[in-house]
Every structure is written in C-alpha cells, then in structure tokens.
There are 2 protein chains.
Amino acid sequence: MYEGIVQDLIDELGRLPGVGPKSAQRIAFHLLAAEPVDVRRLAEVLLEVKAKVRFCSICGNVAESEECRICQDTRRDLTVICVVEEPKDVVAVERTREFRGRYHVLGGAISPIEGIGPDDLRVKELMTRLADGTVIELILATDPNIEGEATATYLARLVKPMKLTVSRLASGLPVGGDLEYADEVTLGRAFEGRRRLEV
Amino acid sequence: MYEGIVQDLIDELGRLPGVGPKSAQRIAFHLLAAEPVDVRRLAEVLLEVKAKVRFCSICGNVAESEECRICQDTRRDLTVICVVEEPKDVVAVERTREFRGRYHVLGGAISPIEGIGPDDLRVKELMTRLADGTVIELILATDPNIEGEATATYLARLVKPMKLTVSRLASGLPVGGDLEYADEVTLGRAFEGRRRLEV
C-alpha cells in the first residue's frame with residue numbers, strides 16, 4: 001500500500017520478533033517523523049553491533065573482545081560453572097547477585113521437535129572446560145520447561161563419571177516459563193535452594 | 001547490564017513506540033543471532049528511508065519524488081479533497097476503494113494540551129489549494145476523537161465563506177478510536193454515509 005522504501009521499512013520491521021504489521025507501520029511512521037540523526041544512530045548501532053559483537057571464546061556469552069567481561073574477571077570463582085541457554089540468561093542470573101562463578105552459554109536447549117540435538121549446542125566446549133579438573137561444581141540453569149529439563153538431564157548424565165557436584169535451580173521458578181522473565185528475588189531464591197541432580 | 005554496544009542497541013530499540021525494555025532485549029538478541037546480511041538490510045533501509053522519503057509538495061503525504069503517487073495520478077478527481085491527520089490515514093482510506101479524489105495530510109490534529117494549534121498543521125497549505133475554486137467538496141476525515149473533532153470543526157468554520165460542500169465521515173467508526181485501526185468495511189460505510197457539517 002505504501003510507496004517503495006516506506007513499505008520496505010515496514011516489511012523489515014515486521015520481521016522482528018513480537019512486531020506485528022500494525023506495530024511495524026507505527027514504528028515506521030515514528031521513524032519517518034523522527035530526527036534524521038536519531039534514525040542514523042539506530043542504523044549505525046545495528047551495523048556496529050554486527051561488526052563488533054562476537055561470542056566469548058571461553059563461555060560463549062556475547063563479548064566485545066576475545067573473552068567476555070565475566071571470564072576476564074579474576075575475582076570470579078573458577079571452580080563453579082553455571083550453564084545457561086542464552087546470553088540473556090547470564091544477565092538474568094547476574095542481576096540476582098547470588099552467583100560468583102563463571103558461565104557456560106549453550107546457545108539453546110535440546111529440542112527434538114525443532115531438530116536441535118547436543119551437537120548443535122556448545123556441549124563439546126563445556127566438556128573441554130571440565131577436562132582439567134578445576135571445576136568442581138556445575139549448576140544447570142537451563143529454562144524450567146521441557147527442553148531445558150531435557151538438556152539438564154542430558155548434561156547431568158554426561159558429566160556423571162566426573163564426580164562433580166551437579167545441581168539444578170530450585171523450584172520456585174514458574175514451570176513452563178522463560179528464565180529471563182523471572183524477577184530477581186524468585187531467581188535468587190531458586191539459586192539458594194538448588195538441588196542435587198540424581199540420575 | 002550488557003556490554004557497551006549491546007546495551008546501546010537495546011536502548012535505541014527501547015525508544016521505538018510500543019517497544020518496552022523486555023521487547024527491546026528480545027529484538028536485540030534476535031538481531032545478534034541473525035544473519036549479518038539481514039541486519040545490514042534493516043540498517044540500510046533505515047538510512048535510505050530518511051534520505052529518500054520526503055513529503056508531497058501538494059498534499060503532504062509521504063512521497064519518493066516531488067509529488068506523491070496519488071497527486072501525480074491524473075485519473076483522480078481534482079474537485080474533492082479528503083483531509084486526514086497522518087500519511088497512514090491515507091492508506092486506511094485508500095484500502096476502502098470508496099474515494100477517488102485527492103488528499104490533504106495535516107500532519108496531526110489541533111490539541112491545546114500538547115500545544116498544537118492550526119499554525120502547527122498544514123492548514124495554510126490547504127487554504128492555498130482551495131483558493132483557485134477547483135475544489136468543490138471537502139471531506140474531513142480526521143480521527144473520531146476529541147482532537148480530530150476539534151480540527152474538523154475548526155476547518156469547517158474556516159472554509160465556510162467558500163461555500164464548499166463540507167462533510168465529516170459518518171458515525172459507524174468507533175468513537176475515541178484511531179482511524180488507522182478501522183477495518184475496510186466500517187471505514188467504507190463511514191465514507192458512504194458522510195454527513196454535511198453545519199456550523
């Protein structure tokens with residue numbers, strides 16, 4: 001319905017998660033009316049983020065250099081690793097201030113329906129990190145839904161021969177939900193009450 | 001909570017209308033995981049849209065050249081002007097296929113609360129278009145809310161000496177709503193049943 005480039009913009013915005021056609025149109029007209037310098041800044045951040053952001057060579061979290069800020073931080077406890085699905089889950093756990101170890105970002109969860117198996121996740125990288133015996137505790141903080149539970153169970157079985165302390169975040173998190181939406185207190189409680197996984 | 005540029009992206013996205021902090025984060029991580037070429041395309045469309053899109057010198061609608069497609073279309077009826085608030089309202093009316101005249105986009109509505117008066121809208125440009133006597137009918141299709149009604153009444157009084165046929169879209173549109181959200185049938189009916197404005 002719109003002329004060339006305006007429709008292109010609406011189409012591109014409509015591809016973003018959670019942005020429907022009406023929202024895309026609303027955002028597009030907001031941008032048309034906005035100061036050129038503001039729109040330019042958004043465009044530049046988009047280009048810059050893809051150029052600059054990479055993934056930490058140790059934990060897989062987003063980083064602006066070879067290693068992320070957390071892996072570079074020498075005050076963090078090297079004997080504990082908290083395994084999460086996505087970089088945004090690292091932020092959620094950090095907000096609780098309950099955890100002083102390091103992370104391992106899997107890049108998703110095991111999901112047979114979506115065809116995602118252990119080989120599609122950063123499982124091999126986790127095993128490499130565990131090989132030298134520095135890590136003695138593993139906290140499996142994957143999402144409290146079917147895929148997250150399956151991933152936690154898979155990992156617990158995989159590391160069983162290593163005699164690590166393996167735990168799963170305590171219930172208290174709403175089941176079927178997304179880890180990133182938990183409030184700080186609930187997530188903090190879940191950290192305190194984490195239970196040993198017996199497989 | 002995030003490292004430099006990732007937080008910048010979340011902040012920029014959070015400034016868009018209808019995008020809260022959680023949505024901004026979700027979109028940001030979607031973009032981080034997306035193909036660089038897709039993100040580049042979005043960034044380029046953003047830059048291009050601000051460089052290319054201007055406003056039609058006749059009606060004020062968005063256009064990629066001096067005049068918009070509708071004003072360039074010689075098959076449109078030059079004797080009728082439909083006055084709307086925003087370019088998106090032009091699209092809403094066009095979808096009804098009930099109207100074959102031309103448009104005049106005001107760029108908003110009179111709103112004393114927001115400090116928007118007639119001088120902030122394209123009212124002077126409308127009066128210039130009406131001056132040569134070609135236009136004999138004016139359809140006031142501003143939004144059916146307080147600001148839109150006030151704007152319609154103001155315009156009707158302003159053009160009264162010109163002896164034009166002045167009408168307002170028929171009721172049928174939900175009052176207090178936004179013109180752009182009306183479905184085609186409702187908006188089409190409202191066009192058919194437009195009533196003469198007596199002031």
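Throughout, protein chains are lettered first and strands after them, A, B, ... in sequence-line order, and every chain is numbered starting at 1.
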More than 12 heavy atoms of other groups within 6.0 Å of B:R129 CZ: yes
Salt-bridge criterion met for A:R26 and B:D178 (N-O under 4.0 Å): yes
Side-chain H-bond candidate by donor/acceptor type, B:R168 with B:T142, under 3.5 Å: yes
Residues of residues 13-24 of chain A near chain B, each having a heavy atom less than 4.5 Å away: A:L13, A:R15, A:L16, A:P17, A:V19, A:K22
Whether over 12 other heavy atoms sit under 6.0 Å from A:I146 CD1: no
Those residues of residues 70-86 of chain A, ordered by number, that approach chain B below 4.5 Å (heavy atom to heavy atom): none
Close side-chain approach of A:L126 to A:L121, heavy-atom, < 4.5 Å: no
Distance-only polar pair, side chains of A:Q7 and A:D11, donor-acceptor under 3.5 Å: yes
Pairwise side-chain contact, A:R40 with A:E35, heavy-atom cut-off 4.5 Å (strictly under): no
Close side-chain approach of A:V105 and A:V62, heavy atoms under 4.5 Å: no
Atom group of A:N61 that falls short of 4.5 Å from chain B, counting heavy atoms: neither
Distance-only side-chain donor-acceptor flag, A:S65 / A:R54, under 3.5 Å: no
Members of residues 43-52 of chain A whose heavy atoms come closer than 4.5 Å to chain B: A:A43, A:V45, A:L46, A:L47, A:E48, A:V49, A:K50, A:K52
Contact class of A:E64 relative to chain B, heavy atoms under 4.5 angstrom: both
Qualifying ring pair (Phe, Tyr, Trp, His ring centres under 6.0 Å) pairs with a residue from residues 27-86 of chain A, counting only residues at least two apart or across chains: A:Y2-A:F29
